[in-house]
Amino acid sequence: MKKEQIVDVLETIATLLELQEENPFKIRAYTNAARSIEAWGGNLRELAEENRLQEIPGVGKAIAGKISELVLTGESTFFAELRSKFPPGILELFGLPGLGAKKIKALYEKLQVGSIADLKKACEMGRVAELPGFGKTTQDKLIATISNRAKHVGSFQLGAVAAEAEELLDDLRQHPGATQVSSAGSYRRRKEIVRDLDFIVATQAPEAITEFFVGHALVESVSARGATKTSVRLHSGIQADLRVVSTAEYPFA
DNA sequence: CCGACGTCGCATAGTC
DNA sequence: GACGATGCGA
DNA sequence: GTCGG
């Protein structure tokens, strides 16, 4: 297992320990270890094989043991057991502003809320406002936040994808077969939130352009490939659509 | 072995 | 309206 | 859970 994944596991352990109201210092120990490992340049596998994990600040005997297990087997019995105590979706709830461990625990124990979808239903049924510590205001705000969030699933901040978009545009323009290249849609309009990137290329050689597009270094995977429209996913995770048109119809595309 | 581990201020919403 | 709880960031 | 006296 890779370093980033291990860091993620340690952070998740900390979060789950919060839910069962563990000793706050123990919780922090896990987050500290995660931060520390993140900053550690070296190779975890080597360190694990030489039993030197404890050289990393914040990593003691217990956490070192869990890391070795993760590095070697990709699993941790402790983590698996901890995880099994809660529904997987409960971690989503930490992403909602205003919700922390205490509130989430109450929602889970009293209303069996184990995901954002569950929470939305509970709010809509008016059950959340009944809970001590919650009220109508909170319930309404949660509904609003969740609905708002749904709109942004699979969307990106403009700045987060601008670099990829521009690089792709430039490279398409470099291609000898492309006579006109432009972006379209929300990216062209510089909307703050973009769901996907749209490119339009005028060409006499659609096949070659498509080939070039799907083979581009920024492309992670190809989800659809047709004569006039091709969809791919870039490394950042955003979807990018390419429309190829004849030079004659480009002005109308 | 055993105690310390950051702390404070602010905002918000709920309860008394 | 005061007060404690919770969440969040400095 | 980890660190340090």
Side-chain angles (χ1 to χ4, degrees), chain A residues 1 3 5-42 44 47-48 50-73 75-86 89-116 118-120 122-149 152 157:
Chain A
M1 184 175 273
K3 185 167 69 176
Q5 298 173 293
I6 289 176
V7 167
D8 199 61
V9 168
L10 293 176
E11 283 169 348
T12 305
I13 288 176
T15 302
L16 293 176
L17 289 179
E18 264 191 286
L19 278 181
Q20 48 179 48
E21 291 177 300
E22 253 291 358
N23 178 345
F25 297 112
K26 183 186 286 193
I27 295 169
R28 204 179 312 160
Y30 276 95
T31 58
N32 286 344
R35 295 281 72 79
S36 184
I37 288 166
E38 210 170 22
W40 191 259
L44 279 187
L47 233 52
E50 299 168 20
N51 290 314
R52 289 170 47 195
L53 285 168
Q54 295 183 56
E55 289 180 18
I56 302 175
V59 175
K61 191 179 172 190
I63 293 184
K66 292 171 178 78
I67 296 175
S68 327
E69 196 182 352
L70 286 165
V71 165
L72 271 37
T73 73
E75 291 294 333
S76 158
T77 48
F78 171 78
F79 179 50
E81 187 165 333
L82 183 59
R83 221 178 0 182
S84 71
K85 294 178 182 172
F86 305 91
I90 206 164
L91 295 170
E92 305 168 357
L93 300 174
F94 284 87
L96 299 178
L99 290 189
K102 297 275 181 62
K103 293 269 181 72
I104 292 170
K105 187 167 192 282
L107 288 166
Y108 175 52
E109 289 181 346
K110 306 203 173 169
L111 299 179
Q112 289 76 50
V113 165
S115 67
I116 288 185
D118 289 348
L119 178 58
K120 181 156 179 280
C123 285
E124 286 166 349
M125 290 190 296
R127 303 292 308 280
V128 171
E130 300 169 356
L131 263 49
F134 293 79
K136 182 93 172 28
T137 312
T138 303
Q139 180 174 275
D140 291 344
K141 189 170 287 186
L142 283 170
I143 293 177
T145 305
I146 292 170
S147 319
N148 220 32
R149 156 161 311 225
H152 292 324
Q157 297 284 318

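Note on naming: letters A, B, ... go to the chains in the order of the sequence lines (proteins, then strands), and numbering restarts at 1 for each one.
Between Ile104(A) atom CD1 and dC8(C) atom C1' the separation is 14 Å, expressed in whole Å. Separating the CG atom of Leu142(A) from the P atom of dT12(B) is a distance of 16 Å, rounded to the nearest angstrom. Spacing between atom CD of Glu22(A) and atom C1' of dT2(D) amounts to 14 Å, rounded to whole angstrom units. For the pair Asn23(A) CG and dC5(B) C1', the interatomic distance rounds to 10 Å; values are reported in whole Å. At whole-Å resolution of the value, CG in Leu82(A) and P in dG1(D) are 11 Å apart. Atom CD of Glu21(A) and atom C1' of dG1(D) are 18 Å apart (whole Å). Put simply, NZ on Lys141(A) is 18 Å from P on dT6(C), counting in whole angstrom units. dT15(B) atom P lies 10 Å from atom CZ of Phe134(A), rounded to whole Å.
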So what's the dot-bracket for DNA chain B: Watson-Crick or G-U pairs under 3.5 Å, [ ] if a pair crosses, | if it pairs off-strand? |||||.||||||.|||
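Dashed line: the shortest gap from a side-chain N or O of Thr137(A) to OP1 or OP2 of dT12(B) is not under 4.0 Å. Phosphate contact (OP1/OP2 of dT6(C), side-chain N/O of Lys103(A), threshold under 4.0 Å): absent.
Near DNA chain D, meaning a heavy atom under 4.0 Å from it, residues 57-71 of chain A has Pro57(A), Gly58(A), Val59(A), Gly60(A), Lys61(A), Ala62(A), Ile63(A), Lys66(A) in order of number.
Closest of all the heavy-atom pairs between Met1(A) and Leu70(A) is CB-O, 3.3 Å. Considering every non-hydrogen atom in both Ile63(A) and Gly58(A), the closest pair reads CD1-O, 4.4 Å. A pairwise comparison of heavy atoms in Arg149(A) and Ile116(A) identifies CD-CD1, 4.2 Å as the closest pair. Between Val59(A) and Ala33(A), the shortest heavy-atom distance links the atoms CG2-CB, 4.3 Å.
Listed nucleotides dC5(B), dT6(C), dA13(B) differ in distance to Lys102(A); the shortest reach to its side chain belongs to dT6(C).
A donor-acceptor pair is defined here as one N or O able to donate and one able to accept, closer than 3.5 Å; no such pair exists between the side chain of Lys120(A) and the backbone of Leu142(A). A donor-acceptor distance shorter than 3.5 angstrom exists from the side chain of Ser36(A) to the backbone of Pro57(A), with no hydrogens or angles considered.
Looking at heavy-atom distances under 4.0 Å, Ala101(A) makes contact with sugar-phosphate atoms alone, never a base. Heavy atoms of Leu99(A) sit under 4.0 angstrom from primed sugar atoms or phosphate atoms, though from no base atom. Pro24(A) comes within contact range of no nucleotide atom at all, as no heavy-atom separation falls under 4.0 Å.
Using atom C1' as the reference point in both dG9(B) and dG4(C), the two lie 16 Å apart (nearest Å). For the C1' atom pair drawn from dG1(C) and dT12(B), the interatomic distance equals 16 Å after rounding to whole Å. Nucleotides dA2(C) and dA13(B), compared at atom C1', are 14 Å apart to the nearest Å. Here the separation of dA11(B) from dC3(C), taken at their C1' atoms, is 15 Å to the nearest Å.
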Please assess Leu107(A) against Ile90(A) for the test side-chain contact (heavy atoms from CB on, under 4.5 Å), listing each intermediate value before the final yes or no. CA-CA 10 Å; Leu107(A) 288 166; Ile90(A) 206 164; over 6 Å; no
Derivation of the side-chain contact (heavy atoms from CB on, under 4.5 Å) call for Leu19(A) and Phe94(A): CA-CA 11 Å; Leu19(A) 278 181; Phe94(A) 284 87; 3.9 Å; yes
Please evaluate residues Lys105(A) and Glu109(A) with respect to the criterion salt bridge (Lys or Arg N to Asp or Glu O under 4.0 Å), reporting the C-alpha separation (whole Å), side-chain torsions for both, the decisive distance (0.1 Å), and the verdict. CA-CA 6 Å; Lys105(A) 187 167 192 282; Glu109(A) 289 181 346; 3.0 Å; yes
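Annotation: cation-pi pair Lys66(A)/Phe79(A) absent, no NZ/CZ under 6.0 Å from the ring centroid and within 45° of its normal.
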